Engineer: 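Submitted below is the structure of interest, expressed as structure tokens.
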Amino acid sequence: MLKFPIYLDYSATTPVDPRVAAKMIPWLTEHFGNPASRSHAYGWEAEKAVEDAREQVAALVNADAKEIIWTSGATESNNLAIKGAAHFYQGKGKHLITVKTEHKAVLDTVRELEREGFEATYLDVQENGLIDLEVLKAAIRPDTIVVSVMFVNNEVGVVQPIAEIGEICREKGIVFHVDAAQATGKVDIDLDRLKVDLMSFCAHKTYGPKGIGALYVRRKPRVRLEAQMHGGGHERGLRSGTLATHQIVGMGESFRIAREEMAEENARVGKLRDRLLAGLTDLEATFVNGDLAQRVPHNLNISFAYVEGESLIMAVKDIAVSSGSACTSASLEPSYVLRALGRNDELAHSSIRFTIGRFTTEEEIDYTIKLLHDKIGKLRELSPLWEMYKDGVDLDAVQWAAH
Amino acid sequence: MAYSEKVLDHYENPRNVGSFGKEEEGVATGMVGAPACGDVMKLQIKVGKDGVIEDAKFKTYGCGSAIASSSLVTEWVKGKTLDQALDIKNTQIAEELALPPVKIHCSILAEDAIKAAVADYKKKHEA
């Protein structure tokens, strides 16, 4: 039995795994103590739960639990990492480097620092969505203090060469921050090996709850940050605020499950993605966005030429997916990520991101393939551009009256 | 986005989709919009010897409102003279389909498509 709409938007958020939810509930009702209460058993048990979860999060990324700081999510982690490091190290220089395809939580944070007087370079990516290491090297200046590159892109799922970037930054003594919100449970992360100084995580893209995240802060060699949130001195003064025990327990459990099951899960999900890929690239004039090899197994981002983005989304309302088209929000600005990959506005508008997950079935994938075949066919039947393409008209040579 | 029942109906069951043969007698074409702007409408009218629009067909690349606006226009122009067709105003289209303010441009484009098709007919037949 299919349940509609079919959820294929796991990179937006995932459902909380029932095993995770079950672990969280007692920490709301029964064991409600404040982990910072040192004078009684309610506090002690909550503190133990928080520390156990910290171990679980650290274990997934091969870090030391002492290097994990709880936050409210990856947006906060990105803010704390980038602003915190920029503010602490501004005596050394005021130049930051990031990438045009980063998440807004990174881009807007860097923009804010520019308003404060920092300078920033936004690196271009190649057509496959990956950064060119030579371009990065060329952008580094004597006053560069922070480089921020995401592990996995949220729209096209490409995996950036984090190990190589880490080597470059370490050699130059530059703090390297990685937004890994989309990476946990999808790619192996070994912080013992990677020369990454700061890494952002969140729970809700890895079958944990929303509203909880973490920041990895390297101890050897030590990285210093200026706190952004001040108060009771929680999390070694880096992030004050009463710890949300139930959320933290949920994140710990979700990362424990990810560590134990990711190999098997990624193999299964990858097969479903490849089935979807084969079923959709079957259609004429479709283009996969982003490198297919250096990519997480659950992401497929495809542009369907000669159909318009919003009508495409209307046509596929039986499935819950994300679109590269921003038409629905009354703005005509298409995905900046796809534009950075060199896609023209039309192809950026007519793209769909499918992200598959733990609860996706083969039946759902097959339904999706059939649905897209029907609807793309219907919309192309309706499209004057498709007709012109079939007649051999070069659409780029047509003089369109802009309106 | 919440669409009106009428937009959804035209989107689900567009009227008069297609193209006339290029050589057919009395056929004129109006193509307006641009792919980069997200809408292209092609409206074709077939005008009888008496100057009345006998038939109309359309193809549209665009959002649901653009598809509905052009589908509606093919119904409205049929049976009208060229001058009567030119009297169709975007406000009537927007009102009939209950288009939200951000989609008014779709109705303007549909009006432009009528004008372009009529102009094409006049160019071919008055030259």
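For clarity, every value in this text was computed on a predicted model and none was experimentally measured. Throughout, a chain's letter reflects where its sequence line sits, starting with A, and its residues are numbered from 1.
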Engineer: Determine the minimum heavy-atom distance between B:Val40 and A:Trp400, stating which atoms define it.
Structural biologist: CG1-CZ3, 3.7 Å
Engineer: Quick check: closest heavy atoms across A:Ser311 and B:Gly64, and the distance to 0.1 Å?
Structural biologist: CB-N, 4.3 Å
Engineer: For B:Glu75, I'd like to know if atom CD has over 12 heavy atoms of other residues, nucleotides or ligands within 6.0 Å.
Structural biologist: yes
Engineer: So how far is it from A:Leu382 CG to B:Ser71 OG, rounded to the nearest 0.5 Å?
Structural biologist: 8.5 Å
Engineer: Are A:Met388 and B:Lys42 packed together at the side-chain level, in the sense that at least one heavy-atom pair is separated by less than 4.5 angstrom?
Structural biologist: no
Engineer: Could you pull out all donor-acceptor pairs under 3.5 Å where a side-chain atom in residues 51-59 of chain B meets a protein atom, sequence neighbours excluded?
Structural biologist:
| unit_1 | atom_1 | unit_2 | atom_2 | d |
| --- | --- | --- | --- | --- |
| B:Lys59 | NZ | A:Glu381 | O | 3.2 |

Engineer: Excluding sequence neighbours, so at least two apart, what forms ring-ring contact (aromatic ring centres under 6.0 Å, His included) with A:Phe287?
Structural biologist: none
Engineer: Side chains of residues 85-93 of chain B: which donor-acceptor partners sit under 3.5 Å, not counting sequence neighbours?
Structural biologist:
| unit_1 | atom_1 | unit_2 | atom_2 | d |
| --- | --- | --- | --- | --- |
| B:Lys89 | NZ | B:Leu86 | O | 3.3 |
| B:Asn90 | ND2 | B:Ser107 | OG | 3.3 |
| B:Gln92 | OE1 | B:Lys89 | N | 2.6 |

Engineer: About how many Å separate SG of B:Cys63 and NE2 of A:His349, when rounded to the nearest 0.5 Å?
Structural biologist: 11.0 Å
Engineer: Step through the shown structure and confirm whether more than 12 heavy atoms of other residues, nucleotides or ligands are within 6.0 Å of CD on A:Gln126.
Structural biologist: yes
Engineer: Among residues 6-19 of chain B, which residues come closer than 4.5 Å to chain A, judged by heavy atom distances?
Structural biologist: B:Leu8, B:Tyr11, B:Glu12, B:Pro14, B:Val17, B:Ser19
Engineer: So which of A:Leu385, A:Leu395, A:Val398 has the biggest tally of heavy-atom pairs under 4.5 Å with chain B?
Structural biologist: A:Leu385
Engineer: Do you know the tightest heavy-atom contact between A:Glu308 and B:Gly38?
Structural biologist: CG-O, 3.3 Å
